[in-house]
Structures are given as structure tokens and as C-alpha cells.
Amino acid sequence: MDSPTTPRSTTTPDILTFLTTWQFNAVGVTAIGVAGLMYLAGILTLARRGEHWRIAPTLGFYLLGLGSFAVVEFGFLGVYSAELRFAFTTRIALLLFAVPALLATGKPVSLAREALTGAPLAALEAVLNSRVVGIMGNAVFGPVFALVAFSIFLTPVAGTIRESPFAQDAIAIVVPMVGLIMVLPLTELVVARTTLFIAAEFMLAFVELVLDAIPGILLRLNETILDHAGPITTAVPAWFPSPLRDQQLSGDLLWFIAEIADIPILILLFVRWSKHDRKEAKQVDELSDDEMDALTQAHLKSFGPGRD
């Protein structure tokens, strides 16, 4: 389905095109403004009490977090999200994984907990302890959600979303919010887990490391256009890829991002597992001889009578 006005090629945009393509996006500017002001309000609240918020997370939130969001939304991926499949899928993948992870370096939950008091703090804790956050905040949900969400790229629904201006604007808000709900419990440990549950998460995360690659592989290897989107009828740059090449690039990038995104989750699980193990070991070390003996006897009795 080539454009009737410009020959389509199998090339890709050069690095200069990628770096110099920018646009103004009102939704993106609003999102950055609201998030930046809320974070600043927390810092100023602490300052009025004579407390200081650390500079490292502040720089992480503004430069890495909001900065990466701006690059995605205002740069090449945001400009061509409606026209190019690989820009569309890469934009969503980065907004779901990379941007929330970089925003999390700013420790926004910790800042909110320190800045808020009274009813607002109670409301925040209620949200953090809610069932929704509990489900979305474990390491199993993220990869499973990504597998389901990325599978949409294999259907005509992807073409409908890509061509909808309303959906394009909604992506800039909804996708990073979902990503934050998945990332923040892992990075700031707002959800407590048992050792057994963490071990199960760890093993399932390894399985999902393979499963997450499936949508990208299918996009890359399929010889038909899966989203059934219509042809571009306006003039396009000479480097624009053909629809099939566009889909193949989408699969390559989606496959790569999905695999890379699982690595930080595995690292975070390992760190959380180590901290939990050290905490349990410390609790055992603090037991008296009598308490340790009672614990040992209770453990032995759990095997039942007549067992060694």
C-alpha cells in the first residue's frame, strides 16, 4: 500500500532526521507542566518546614524522567506516531517502560509521603495499599500486561488507534500512568512480599522474558500487513519505508525493547529478595537461645510424629 504521490522505499531515516524532527504537543506540555509543578510543590512544602529534598532524585525526575518524556512526545517518535508503525509501537513501549522507570529515579512516592500530612497522606497510603496497586505492583503483572498490550499491534485495532487523534493524545497520559503504577511499587518497595512470593515472581519473570518477545517476532516475520491500515495519501519524505518494511522495523524495535525492559525487573527482584533475606536473617539472629530452641522444636513438630 504505497503512497500515490511519493515512491516508497526500504530505507530508514538517518540519524540527522531523527535528531532534528520536533513538534509542539499541547497535551505533552500540559502533562510535563502538571507533573513538574506537583513535584516542585512537594519540595517547597518540605522547605517551608526546614527540611531539604535531595538533589539527585530531583535531577532524576526532571532531567531523566520528564526529559525522556519530552524526547518521546516532541521528537521523531511523537511526530510520526500516526504515520509510521515503528514510531507508534516504539513510542508506546518507551512510554510504558523507559519513561516511568526514569521518573521513578525521582522517588515521587517518598517525596509525597514526606510532604503530605493528615487526610492527604492517609488517602495516599490507602491508594498504595489498595488491591489494584497490589496486583499491578508485582513483577509478574508488568510483563504479562506488556504481552497482552503489545499483542494488540498484531490486530486491526492498532491501525484504528494509530489513526485516531484522540487516541494519540490519550496515549501520552494513560500509558505513562500505567507504567508508573507498575514500576513504583518495585522501585520504592511500597508493596510487601514474602520470600516465597518473591521467588515465584523471579522464576515467572524469567519465563516472561521469552514470552514478551512473541509480538515483536510475529510482527517481524509476518509477510502481510496486520493492522490493515489504509495507505498514506499525502506526500511523504523519500526515506519513508514501505508498509511491510515499516511493520518489520516495528517488530525489531518492539522485540528489542520488550527484552531489555525485563532486565531491570529481574535486577529489582534480586535486590528485593536480598534485602528481604537479610531482614529475616537479622530477625533470627536477634532471637534468644530459648526462643531459638522453641522455634526449632516447632519446626520439627511440623514434620509430624514418627519422622526424623
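When a residue number appears, it is its place in the shown sequence, counting from 1.
In this structure, CZ in F74 is found 5.5 Å from CG in N25, a value given to the nearest 0.5 Å. Rounding to the nearest 0.5 Å gives a distance of 9.0 Å between OG1 of T45 and CG of L40. Separating the CG atom in L96 from the CZ atom in F145 is a distance of 6.0 Å, to the nearest 0.5 Å. One finds the CD atom of Q248 at 4.0 Å from the CG atom of L244 (value rounded to the nearest 0.5 Å). With rounding to the nearest 0.5 angstrom, the CD1 atom of I92 is 11.0 Å from the CG atom of L77. To the nearest 0.5 Å, atom CG of residue L219 and atom CD1 of residue I214 are 12.0 Å apart.
The local environment of CZ in R131 is sparse, with at most 12 non-hydrogen atoms from other residues, nucleotides or ligands closer than 6.0 Å. Enclosure of atom CH2 in W53 by more than 12 non-hydrogen atoms of other residues, nucleotides or ligands within 6.0 angstrom is indicated.
Distance alone, capped at 3.5 Å, places no donor-acceptor pair between the Q168 side chain and the E163 backbone. Here the side chain of D227 pairs no donor or acceptor atom with the backbone of A158 at under 3.5 angstrom. Within the 3.5 Å criterion, the main-chain N or O of T224 finds a donor-acceptor partner in the side chain of Q247. Between the side chain of Y62 and the main chain of G36, a donor-acceptor pair closer than 3.5 Å is present. Judged by distance alone, the side chain of T58 and the main-chain N or O of R54 form a donor-acceptor pair under 3.5 Å. One N or O on the side chain of R162 and one on the backbone of E83 form a donor-acceptor pair closer than 3.5 Å. S164 places no side-chain N or O within 3.5 Å of a backbone atom of I161 that could act as its donor or acceptor partner. Side-chain atoms of S130 come within 3.5 Å of backbone atoms of V127 as a donor-acceptor pair (strictly under, hydrogens ignored).
Under the 4.5 Å side-chain heavy-atom criterion for Ile, Leu, Val, Met, Phe, Trp and Tyr, M38 and V27 are members of distinct hydrophobic clusters. V174 and F166 fall into different hydrophobic clusters, where Ile, Leu, Val, Met, Phe, Trp and Tyr residues are linked whenever their side-chain heavy atoms come under 4.5 Å apart, directly or through other members. Clustering ILVMFWY residues whenever any of their side-chain heavy atoms sit less than 4.5 angstrom apart, transitively, puts F88 in the very cluster that holds V157. When hydrophobic clusters are built by joining Ile, Leu, Val, Met, Phe, Trp and Tyr residues whose side-chain heavy atoms come closer than 4.5 Å, directly or via intermediates, L221 is not grouped with F153. Both I257 and L254 are members of a single hydrophobic cluster when ILVMFWY side chains are connected at heavy-atom separations under 4.5 Å.
Contact record, L66 with L103: N-CD2, 3.6 Å, taken as the closest heavy-atom pair. For Y80 against A87, the heavy-atom pair with the smallest separation is O-CB, 3.6 Å. Contact between T117 and P120 at its shortest, heavy atoms only, is O-CD, 3.0 Å. Here the closest heavy-atom approach between residue I173 and residue A31 is recorded as CD1-CB, 3.6 Å. Minimum interatomic distance between I225 and R85 (heavy atoms only, all atoms of both residues): CG2-NH2, 3.5 Å. Of all heavy-atom pairs between L95 and P100, the closest is O-CD, 3.0 Å.
When side chains are defined from C-beta on, F69 does not count as touching L102, because their heavy atoms never get closer than 4.5 Å. In this structure, the side chains of L218 and S151 stay at 4.5 Å or more apart for every pair of heavy atoms. Inter-residue side-chain proximity for Y39 and L111 is flagged as met; some heavy-atom pair is nearer than 4.5 Å. Between E73 and S81, every side-chain heavy-atom pair lies at or beyond the 4.5 Å cut-off. For the pair L128/R113, a side-chain contact is recorded, criterion being any heavy-atom separation below 4.5 Å from C-beta on. Counting heavy atoms from C-beta outward, L64 and L59 have side chains that stay 4.5 Å or more apart.
Residues meeting the side chain to side chain contact (heavy atoms under 4.5 Å, CB included) test with T160, sequence neighbours left out: none.
Relative orientation of the F150 and F97 rings is perpendicular, given thresholds of 30° and 60° on the angle between their planes. Using bins of under 30°, 30° to 60° and over 60° for the plane-to-plane angle, the ring pair F18/F76 lands in the tilted bin.
Screening T90, T89, L226 for a side-chain contact (heavy atoms from CB on, under 4.5 Å) with S250, the sole residue that qualifies is T89.
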